[in-house]
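Below you'll find the structure, written out as structure tokens, and then a few comments.
Order of the sequence lines sets the chain letters (A, B, ...), proteins ahead of strands, with each chain counted from 1.
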2 protein chains.
Amino acid sequence: MSSMNSISQIKIPPLMTRSHEIANVVRDEILRGQFRPGERLPSERDLAARFGASRGAVREALSQIEQLRLIDIQPGGARIKEVNDASIAVLGPLLGMGSIPDADLVDQFLDTFSVLARFTATRAIPKLSDAQRIDLLTQLDSMADDLDSVESLQPKMRAFLMTLGGIADNLVVRLISNDLQAQFVERMLQLHPRPSLKPESLRELVAGMRLGVQNGDGEAVASALDVHFLSMRALVAQALASA
Amino acid sequence: MSSMNSISQIKIPPLMTRSHEIANVVRDEILRGQFRPGERLPSERDLAARFGASRGAVREALSQIEQLRLIDIQPGGARIKEVNDASIAVLGPLLGMGSIPDADLVDQFLDTFSVLARFTATRAIPKLSDAQRIDLLTQLDSMADDLDSVESLQPKMRAFLMTLGGIADNLVVRLISNDLQAQFVERMLQLHPRPSLKPESLRELVAGMRLGVQNGDGEAVASALDVHFLSMRALVAQALASA
DNA sequence: AGACCACTTTGGTCGTACCAATCTGGACCC
DNA sequence: GGGTCCAGATTGGTACGACCAAAGTGGTCT
């Protein structure tokens with residue numbers, strides 16, 4: 001009986017401060033491989049001079065990059081670490097670097113996301129209350145009305161998965177999904193050409209999930225999601241290849 | 001033909017700077033729920049006064065907390081956000097807050113981790129080269145020698161999963177695992193009483209995985225991992241309950 | 001009661017200064 | 001030549017003070 005205010009969540013550019021700018025530039029340089037792991041980053045004073053900023057701003061920037069586990073700050077110098085050992089939070093920048101997202105990375109993301117969705121479904125469905133089941137069915141029925149418009153289906157799908165996530169009640173997965181969401185989804189939605197799923201596939205997805213929800217069969221819901229994500233991956237790969 | 005220097009990777013307390021201290025304290029206060037979401041954090045100047053630190057140090061601290069998506073810094077004041085919307089990186093602090101880790105959270109972690117392990121296995125096994133298969137089998141045989149000593153098996157198990165991860169070659173999962181590792185594993189290893197898996201269970205795990213690797217049957221390896229993590233969860237839950 | 005405006009507070013940035021840890025290079029000794 | 005050792009330069013850690021623009025505050029006026 002609350003929230004749902006601030007409906008559209010208009011995202012003002014999250015206040016690009018000087019330190020964030022610097023952090024972004026330096027982060028991207030590291031991700032681009034312009035420094036070898038173990039190598040020293042230019043000193044704070046040098047960076048400050050280069051960006052025409054104060055050392056304070058640079059320090060804030062480096063402090064952020066350190067949180068990404070991309071560098072190791074120590075007296076004597078900040079050293080670059082392996083990108084493979086970094087935090088999830090580098091995924092977004094990693095994706096957004098080329099003019100077109102790296103196809104492999106996108107596929108890996110979708111693969112991973114599908115596994116998390118499956119996981120959520122299998123954990124949520126068995127513990128459904130009657131009210132929750134009805135809620136989910138309602139959402140699915142609503143989704144069944146927009147099968148040909150990806151634009152209007154996507155947010156409903158997202159909401160559906162969020163509801164499932166709330167029921168599964170696994171904070172770890174929730175936080176992982178947050179990060180993937182934050183890192184990935186927004187960039188994915190700007191894809192051109194947008195992959196277009198066939199209405200039949202979507203109908204199959206919704207119907208499959210509905211059956212699973214009705215019967216309390218988590219594996220059925222998960223399977224429907226599997227199929228959906230598989231075709232999604234194929235389409236996205238195709239879209240990226242032709243771009 | 002390189003690396004493998006700095007064998008033991010002695011981790012000196014990662015240089016607890018003033019800003020990190022402040023960040024930790026404030027972060028924990030937020031995680032502890034001492035502020036309501038939407039509420040304003042004390043001003044940088046107030047925090048500086050409270051900690052007897054400079055504003056610069058406080059700003060670096062807040063900048064780090066902002067990266068955790070726990071606060072939203074804006075002119076006018078920093079506002080607290082929902083913990084549920086935060087980054088994975090809050091998991092560690094969240095676990096380490098009570099004298100004993102929260103049992104539910106630990107279980108959720110193990111559940112999630114098992115899914116990621118299963119995922120990695122199913123993706124890695126089908127694309128094994130001969131050399132990789134031999135490598136894995138060798139590792140498993142080595143593991144079969146330490147079945148009764150959890151202390152010596154654990155690192156081998158970890159190495160095995162890392163190898164699988166390298167073969168699966170999914171950067172997204174890799175980064176997620178990094179974070180879970182960074183957030184969780186170290187704290188888990190300090191558990192008392194340590195959960196003790198029965199040697200028979202471990203033998204079964206290793207044997208099951210070996211068979212799967214040999215036959216190129218990813219699902220078999222995944223199943224063996226499933227069983228293992230299930231009993232692990234039961235034991236950990238028991239250990240935490242009796243603590 | 002609502003609109004409007006001046007004042008205060010708050011974050012964003014800069015500059016300078018000092019300390020301690022680290023690194024660097026050259027003198028020195030074997 | 002190769003290793004050792006020490007002083008000076010470099011680097012990060014921290015502090016204080018100052019100014020600006022944006023956001024919040026409260027009181028006045030209508």
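What separates CG of A/Leu47 from P of D/dG13 is a distance of 13 Å, to the nearest Å. One atom, CD of B/Glu60, and another, P of C/dG11, lie 16 Å apart when rounded to the nearest Å. Between A/Arg59 atom CZ and C/dT16 atom P the separation is 18 Å, expressed in whole Å. Straight-line distance from the CZ atom of A/Arg18 to the C1' atom of C/dT13: 9 Å, rounded to whole Å. In this structure, B/Asp72 atom CG and C/dG12 atom P are separated by 11 Å, rounded to whole Å. The distance from atom CZ of B/Phe51 to atom P of D/dC16 is 16 Å, rounded to the nearest whole Å. Straight-line distance from the CD atom of A/Glu44 to the C1' atom of C/dC19: 14 Å, rounded to whole Å. Separating the CE atom of B/Met16 from the P atom of D/dG13 is a distance of 13 Å, rounded to the nearest angstrom.
Not a single donor-acceptor contact under 3.5 angstrom links the side-chain atoms of B/Arg55 to the base of D/dG17. Evaluation of atom-type donor-acceptor distances gives a pair under 3.5 Å for the side chain of B/Arg45 against the base of C/dG11.
Using a 4.0 Å cut-off between charged nitrogen and carboxylate oxygen, B/Glu29 and B/Arg50 count as a salt-bridge pair. Comment: B/Asp107 engages B/Arg233 in a salt bridge, judged by a side-chain N to carboxylate O separation of less than 4.0 angstrom.
Both A/Gly52 and A/Arg79 sit near DNA chain C, but only A/Gly52 has its closest nucleotide nearer the 5' end.
OP1 or OP2 of C/dG12 has not a single side-chain nitrogen or oxygen of A/Ser19 nearer than 4.0 Å. Phosphate contact (OP1/OP2 of D/dG12, side-chain N/O of B/Thr17, threshold under 4.0 Å): absent. Taking only side-chain nitrogens and oxygens, B/Ser54 comes nearer than 4.0 Å to OP1 or OP2 of D/dA15.
A distance-only check finds no donor-acceptor pair linking the side chain of A/Arg55 to the backbone of A/Ala48 [under 3.5 Å].
For A/Arg40, the listed nucleotide lying nearest its side chain is C/dT24; candidates were D/dG13, C/dC14, C/dT24. Of the listed nucleotides (C/dG11, C/dA21, C/dC14), C/dG11 has the atom at the smallest distance from the side chain of B/Ser43.
Looking at heavy-atom distances under 4.0 Å, B/Gly77 makes contact with sugar-phosphate atoms alone, never a base.
With a 4.5 Å cut-off on side-chain heavy atoms, B/Leu161 and B/Phe113 count as touching.
Annotation for B/Arg158: atom CZ does not count as buried by contact number, only 12 or fewer foreign heavy atoms lying within 6.0 Å.
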